[in-house]
Amino acid sequence: MRLSRYFLPTLKETPAEAQIVSHRLMLRAGLIRQEAAGIYAWLPIGFRVLKKIEQIVREEMNRAGAIEILMPTLQPSELWKETGRYDAYGPEMLRITDRHEREPLYGPTNEDMVTEIFRAYVRSYRALPLNLYHIQWKFRDEIRPRFGVMRGREFLMKDAYSFDLDKEGARRSYNKMYVAYLRAFQRMGLTTIPMRAETGPIGGDLSHEFIVLADTGESQVFCHKDLLDMPVPEETVDFDSDLEAFVQQRTRLYAATSDVHDAARFESEVPEDKRVTARGIEVGQIFYFGTKYSVPMKAVVAGPDGKEVPIEGGSYGIGVSRLVGAIIEASHDEAGIIWPSPVAPFDLSLINLKKGDAKTDAACEGLYAKLTAARKDVLYDDTDDRPGAKFATHDLIGNPWQVIVGPRGLEKGTVEAKNRATGAREELSLEAALNRFA
RNA sequence: CGGGGCGUAGCGCAGUCUGGUAGCGCAUCUGCUUUGGGAGCAGAGGGUCGCGUGUUCAAAUCACGCCGCCCCGACCA
């Protein structure tokens, strides 16, 4: 992408409304524009990051055996009346009246609808286990949206729903999601710690929140230090194997958010030098909720003995749009965002320091053509800006690498590669640069 | 929803108390110079001062109503 033809509205000054660093950087780097309280338009590079996160989530869900569908944003209120949640959910749920005086709602979550889909088609235990997920915009009319996309009213969420014949099966489904979540977050460059959590309005009796540690986190968290460096299963992990031992190994260690924190237990279970007290951002939550929806909605299957039983369910959410903010909270510096490569808007910034200089232009065009041909996402800064302005812009938007091309280096036949995260610079020949990045 | 604050050019703000030609910096556009860490000079464009009603010869400024946004709290992916 040539920057001169792109749409990258960056701001030199910080908008007054942004209080936390990720919100400030998202506005300054031109990722989002607020359209109303808690409602944002995604601008080109913000949209790219959002899609990359979404794709990682999708790949890891698929790997774990979940199946993608897409349910609508608007839902008929009848479904919610069946489960009693139409009244239970309260004013957080956006209720709408259509031209026929019907009262659909903008979905804050999809348990009711997915259960309706399930019961319409599945009659036998032989179809189980089943895990259906989708990645769709949700709306929750928060009393006070804040922190940009971290706490918006409209947000993109991956939500998965598992269906099993019995508790043991539900537990296996839960464990798959537990592992898939660790993998997905790790691929985004995040260390997350699953923490025992309250089950909230969705209900159930087994739940973990996945927390990213960040100084600016919204909640106080407590955990065992060893959880910070525990390995995450490799890509080759067999999701059909018994994951219980792995999950046990992690859940045995104390980890809790302030809602459910038990100071006495924390102190008795965790040696003093292993106690971590920190701030964290919740980026995902998994629940086992049993028959909470299957009983009222009559989602039943015939078991091996021919008797109908309500399915055992769980639901599993990941805040996809929130993750954009969470990743920035966890990875930035004074100059701007530092994207982990897998979610960066571009693989690298190619910076032409002297647009109009024949040799510099030629070197840049050559690199751009070859890198693009090698299917790299390159943001080629071919604007007329001065070098200082370009450095500031590319540090701000945070692509992992900057390949800096100017007359000074080209005299010696070199270009410079700057690592955004470490600031380390290397002089490379044009050929070496190609080998490195193509 | 309770408490507090703010709406003036794309962004950041002054002007409001004490009514009288709507300003500054950044950004944008043009020209010249400049060119390895957010350049300089000269010029230009851009505003129903959030909306409405009222008071007044006259309202960004005063009064009332409404809307929007931000912060603290309770609530939440």
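Throughout, a chain's letter reflects where its sequence line sits, starting with A, and its residues are numbered from 1.
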Does R425(A) make a side-chain donor-acceptor contact with the base of G37(B), cut-off 3.5 Å?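 A donor-acceptor contact between them is present.
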Interface with RNA chain B, restricted to [range] and to heavy atoms under 4.0 Å:
range: residues 381-392 of chain A; value: R386(A), P387(A), G388(A), A389(A), F391(A), A392(A)
range: residues 4-42 of chain A; value: K12(A), E13(A), T14(A), P15(A), A16(A), E17(A), Q19(A), R28(A), Q34(A), A36(A), A37(A)
range: residues 329-362 of chain A; value: L353(A)

Residues that D377(A) engages under side chain to side chain donor-acceptor pair (under 3.5 Å), provided they are two or more places apart: none
For T251(A), which residues count as a side chain to side chain donor-acceptor pair (under 3.5 Å) partner, sequence neighbours excluded?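 Partners of T251(A) by the side chain to side chain donor-acceptor pair (under 3.5 Å) criterion come out as none, since no residue qualifies.
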Restricting to pairs with a member in residues 35-47 of chain A, which pass side chain to side chain donor-acceptor pair (under 3.5 Å), not counting sequence neighbours?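 Qualifying pairs: Q34(A)-Y40(A).
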Show every side chain to side chain donor-acceptor pair (under 3.5 Å) that has at least one partner inside residues 322-333 of chain A, sequence neighbours left out.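 For residues 322-333 of chain A, and leaving out neighbouring residues, the side chain to side chain donor-acceptor pair (under 3.5 Å) pairs sorted by first residue read S22(A)-E329(A), T216(A)-E329(A), E218(A)-R322(A), D333(A)-R420(A).
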Under the side chain to side chain contact (heavy atoms under 4.5 Å, CB included) test, residues paired with [X] that sit two or more places apart:
X: I143(A); result: none
X: P9(A); result: F7(A), L43(A)
X: P15(A); result: L11(A), E17(A), L27(A), R28(A)
X: Q186(A); result: V232(A)

Partners of E116(A) by salt bridge (charged side-chain N to carboxylate O under 4.0 Å, His left out), sequence neighbours excluded?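 Salt bridge (charged side-chain N to carboxylate O under 4.0 Å, His left out) check on E116(A) returns nothing, list empty.
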